[in-house]
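Inspection log for the structure reproduced underneath, given as structure tokens.
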Amino acid sequence: MTESLPVARAVDHGFAKLMPDVDRERAWLLTVDGAPQSYVDLDEPTHLEFEYAQRLGHVLDSIGEAGRPLDVVHLGGGALTLPRYLAATRPGSRQDVVEADRALLELVVEHLPLPEKAGIALHAADARGWLETVPAGSADVLVADVFGGSRVPAHLTSLEYAREAARVLRSGGVYLANLADAAPFAFLRSQLANFAEFFEELVLIAEPAVLRGRRFGNAVLVAAQQPLDTQTLARRTAADAFPARVEHGAGLRKFIGSARPVRDAEAVPSPEPPDGAFGIG
């Protein structure tokens, strides 16, 4: 067996490294400027290593009939973990991946090639600019996992952005976002307030320690026009190695409290993580 060697390269928005996992033969960790971005197992694309990715996977599994192909837009590419996951779990899906860093996309495709006929189209473009060109009602799912360094860019945190996301989705469509915050949750609450303007149903998935304000961490925001299967989501996230809580309904309205939507003019990036929050152990 040939030993896999790390790959390091300057990309358009930082310095990327692909590091092999010593415990899994064809698995790789992608970091940008030292921050973990993605984990991919080429032999087992349904393996989701990061906790937030597992939670996104649970939501994706719960949408419609199991295994049914979906039309999906991914904002943020990384190592294409979730597109690979969906290509394996929902064959025949049509997926568009929008990644602002062209050199990062080229690095990933060169060293971690996509399966043939995966149905995944790659676009080197700004996420919001690309979204604004997409026809209304053209996607079943929109997944947002965009970080400039370790922060969500400001133009993807506004009310106007939430309106674009709602416009692109079909009536039964689902929006998912990977976000990060800590108490007092000014950013996270404003994001929920933004999406409450355009979606009937909101769900937040995060570890109890994060929701209790004990530490900085990831939270998955889910928005839809139709009721979501929160019971199944709660059961599956509670069974994970790092259990999460599913907040919705009255509990989530209490969490949002008096938070108001944030327009483009006052939008800011997500908070800077404290040192070591997303480091590699």
Pick one: which of T89, V174, L70, L82 meets side-chain contact (heavy atoms from CB on, under 4.5 Å) with L60? L82
Can any side-chain N or O of D21 pair as donor or acceptor with the backbone N or O of A27 at less than 3.5 Å? no
For H58 and D240: C-alpha separation, side-chain torsions, deciding distance, then whether side-chain hydrogen bond (donor to acceptor under 3.5 Å, both in side chains) applies. CA-CA 10 Å; H58 292 327; D240 285 338; 3.0 Å; yes
R68 atom CZ: more than 12 heavy-atom contacts under 6.0 Å: yes
Taking CZ in R167 as the centre, count heavy atoms belonging to other residues, nucleotides or ligands within less than 6.0 Å. Is the count above 12? yes
Begin from the C-alpha positions of S138 and V168 and carry the test side-chain contact (heavy atoms from CB on, under 4.5 Å) through to its verdict. CA-CA 6 Å; S138 59; V168 168; 4.0 Å; yes
If the threshold is 4.0 Å, N to carboxylate O, is there a salt bridge linking R263 and E266? no
As a quick check of understanding, evaluate side-chain contact (heavy atoms from CB on, under 4.5 Å) for S270 and T157, giving each step before the final call. CA-CA 8 Å; S270 62; T157 70; 5.5 Å; no
Taking atom CZ of F15 as the centre, does the number of heavy atoms from other residues, nucleotides or ligands within less than 6.0 Å exceed 12? yes
Under-4.0 Å salt bridge between R236 and D61: yes
Would you call R245-E207 a salt bridge at under 4.0 Å N-O? no
For D140 and L169: C-alpha separation, side-chain torsions, deciding distance, then whether side-chain contact (heavy atoms from CB on, under 4.5 Å) applies. CA-CA 6 Å; D140 297 311; L169 287 168; over 6 Å; no
Apply the test side-chain contact (heavy atoms from CB on, under 4.5 Å) to residues R163 and N194: give CA-CA distance (whole Å), side-chain angles for both, the deciding distance (0.1 Å), then the verdict. CA-CA 8 Å; R163 180 187 293 118; N194 286 346; over 6 Å; no
Taking NZ, NE, NH1 and NH2 as the nitrogens, is one of them in D71 or R170 under 4.0 Å from a carboxylate oxygen of the other? yes
Give me the ring orientation class for Y175 and Y161: parallel if the planes are under 30° apart, tilted from 30 to 60°, perpendicular past 60°. perpendicular
Show, in sequence, the C-alpha distance, side-chain angles and deciding distance for D181 and R189, and conclude whether the salt bridge (charged side-chain N to carboxylate O under 4.0 Å, His left out) test is met. CA-CA 10 Å; D181 200 3; R189 291 166 67 229; over 6 Å; no
Kindly assign one of parallel, tilted or perpendicular to the pair Y39 and F50, based on the angle between their ring planes and the thresholds 30° and 60°. tilted
Answer yes when E132 and R128 have at least one side-chain N-carboxylate O distance shorter than 4.0 Å, and no when they do not. yes
Residue from V141, T232, V222 passing side-chain contact (heavy atoms from CB on, under 4.5 Å) with V59: V222
Ion pair check, E65 and R90, cut-off under 4.0 Å: no
Between R26 and E44, is the salt bridge (charged side-chain N to carboxylate O under 4.0 Å, His left out) condition met? List the steps. CA-CA 9 Å; R26 297 182 71 225; E44 193 179 344; over 6 Å; no
Backbone N or O of D12 within a donor-acceptor pair of the D101 side chain at under 3.5 Å? yes
Flag if over 12 foreign heavy atoms under 6.0 Å of CZ, R94: no
